Amino acid sequence: MPNNPVFTPVDNNGNVIGAAGSPSSVTISGTPTVTVAAPAPVGLFSESPQSRTSNSSTSTQTWTNDVTSAIVGVNVTTFTGGTNVVIGLQQQDANGIWQTLASSSTITGVGTATFSVGPGMGTGTVLIAGGSYRLTWTLTGTFSALSFQLSVQGR
């Protein structure tokens, strides 16, 4: 999205106000409606299903400079043994400390889950453009088999 979007006023007939043959001004009554198209989502991280039986995290990733919000997708393909798993999204602060931005609800079996961060999303947390992030998982109980895949899309 451009930093300075251009607004072109038009009259009720779709004529650009101030253009040749069009009125030079228009009176607006009531509350105008403005529609802003959101940018297309960008795939930031994706993996195939991975076997996991202990707490850990992905390698460090980097937010692109234009991402302000993100959605994390979880797809649990195998779940045997333990009680639950929680997926978290962490961002590194200016001191190099990993801060948890958001987490999934408790996952207790095979299936999918999502959660989001950013303005207007599940949590209004600010994403640091160009900053570091990672996904974490915390397991409860002893799993004999647990496989899931993670993804992050941003806009």
Side-chain angles (χ1 to χ4, degrees), residues 1-10 14 16 28-155:
M1 177 185 268
N3 290 335
N4 296 310
V6 176
F7 172 72
T8 305
V10 294
V16 175
I28 297 174
S29 60
T31 304
T33 300
V34 177
T35 303
V36 177
V42 175
L44 300 174
F45 178 84
S46 182
E47 65 178 10
S48 57
Q50 306 288 317
S51 175
R52 297 164 168 123
T53 55
S54 62
N55 299 341
S56 193
S57 66
T58 62
S59 60
T60 300
Q61 308 296 312
T62 302
W63 294 120
T64 58
N65 288 329
D66 58 349
V67 169
T68 59
S69 58
I71 185 167
V72 175
V74 183
N75 179 28
V76 178
T77 57
T78 308
F79 192 104
T80 310
T83 308
N84 63 61
V85 59
V86 174
I87 307 299
L89 175 64
Q90 294 184 332
Q91 180 169 262
Q92 204 166 29
D93 68 16
N95 293 318
I97 306 298
W98 289 103
Q99 303 291 342
T100 300
L101 302 179
S103 299
S104 70
S105 56
T106 301
I107 300 168
T108 59
V110 170
T112 61
T114 62
F115 62 94
S116 57
V117 296
M121 303 294 271
T123 170
T125 303
V126 174
L127 305 182
I128 302 170
S132 298
Y133 75 94
R134 68 182 181 185
L135 297 164
T136 63
W137 48 93
T138 304
L139 313 178
T140 304
T142 303
F143 281 87
S144 53
L146 175 64
S147 294
F148 56 86
Q149 65 189 124
L150 303 169
S151 68
V152 179
Q153 284 188 305
R155 37 172 101 214

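Computed over heavy atoms, backbone and side chain alike; hydrogens, waters and symmetry mates excluded. Just so we're clear, the structure is a prediction, and the values are computed from it rather than from any experiment.
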Taking all atoms of both residues into account, what is the closest heavy-atom pair of [X] and [Y], and its distance?
X      : Y      : result
Ser116 : Ala102 : O-CB, 4.4 Å
Phe143 : Thr83  : CZ-N, 4.0 Å
Val67  : Thr64  : CG2-OG1, 2.8 Å
Thr77  : Pro49  : OG1-CB, 3.9 Å
Ile107 : Ala113 : CD1-CB, 4.1 Å
Gln91  : Leu101 : CB-CD1, 3.7 Å

Looking at [X] and [Y], would you say the former's side chain and the latter's main chain have a donor-acceptor pair under 3.5 Å?
X      : Y     : value
Ser144 : Thr80 : yes
Asp93  : Asn95 : yes
Glu47  : Phe45 : no

Check: Out of Leu89, Thr58, Val152, which one pairs with Arg134 under the side-chain contact (heavy atoms from CB on, under 4.5 Å) rule?
Finding: Thr58

Side-chain polar contacts of residues 69-76 - donor-acceptor pairs under 3.5 angstrom, sequence neighbours left out - could you list them?
from  : atom 1 : to     : atom 2 : distance (Å)
Asn75 : ND2    : Gln149 : OE1    : 2.8

Note to self: Between Ser151 and Gln153, is the side-chain hydrogen bond (donor to acceptor under 3.5 Å, both in side chains) condition met? List the steps.
What the structure shows: CA-CA 7 Å; Ser151 68; Gln153 284 188 305; over 6 Å; no

Give, for atom [atom1] of [X] and atom [atom2] of [Y], the distance between the pair rounded to the nearest 0.5 Å.
X     : Y      : atom1 : atom2 : answer
Asn55 : Leu139 : CG    : CG    : 5.0 Å
Thr78 : Gln50  : OG1   : CD    : 12.0 Å
Thr60 : Gln90  : OG1   : CD    : 10.0 Å

Note to self: Students often mix this up, so state it plainly: with edges at 30° and 60°, are the rings of Tyr133 and Trp63 parallel, tilted or perpendicular?
What the structure shows: parallel

Next item on the list: Using side chain to side chain contact (heavy atoms under 4.5 Å, CB included) as the criterion, list what pairs up with Asn65, not counting sequence neighbours.
Entry: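 In terms of side chain to side chain contact (heavy atoms under 4.5 Å, CB included), with neighbours along the sequence ignored, Asn65 is linked to Ala129.
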
Margin query: Show, in sequence, the C-alpha distance, side-chain angles and deciding distance for Ser132 and Trp98, and conclude whether the side-chain contact (heavy atoms from CB on, under 4.5 Å) test is met.
Written below: CA-CA 9 Å; Ser132 298; Trp98 289 103; 4.0 Å; yes

Next item on the list: Evaluate side-chain contact (heavy atoms from CB on, under 4.5 Å) for Leu146 paired with Phe148, printing each intermediate quantity in order.
Entry: CA-CA 7 Å; Leu146 175 64; Phe148 56 86; 3.9 Å; yes

Checklist line | side-chain hydrogen bond (donor to acceptor under 3.5 Å, both in side chains) partners of Thr123, counting only residues at least two apart | finding: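 In terms of side-chain hydrogen bond (donor to acceptor under 3.5 Å, both in side chains), with neighbours along the sequence ignored, Thr123 is linked to Thr125.
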
Note to self: Pair Ser56, Trp137 - check side-chain contact (heavy atoms from CB on, under 4.5 Å), show working.
What the structure shows: CA-CA 6 Å; Ser56 193; Trp137 48 93; 3.6 Å; yes

Notebook entry, point to check: Asn84 and side chain to side chain donor-acceptor pair (under 3.5 Å): which partner among Thr140, Thr108, Thr138?
Noted result: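 It is Thr140; the other options fail the test.
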
Next item on the list: Take Ile87 and Thr136 through the side-chain contact (heavy atoms from CB on, under 4.5 Å) test and state the conclusion after the steps.
Entry: CA-CA 6 Å; Ile87 307 299; Thr136 63; over 6 Å; no

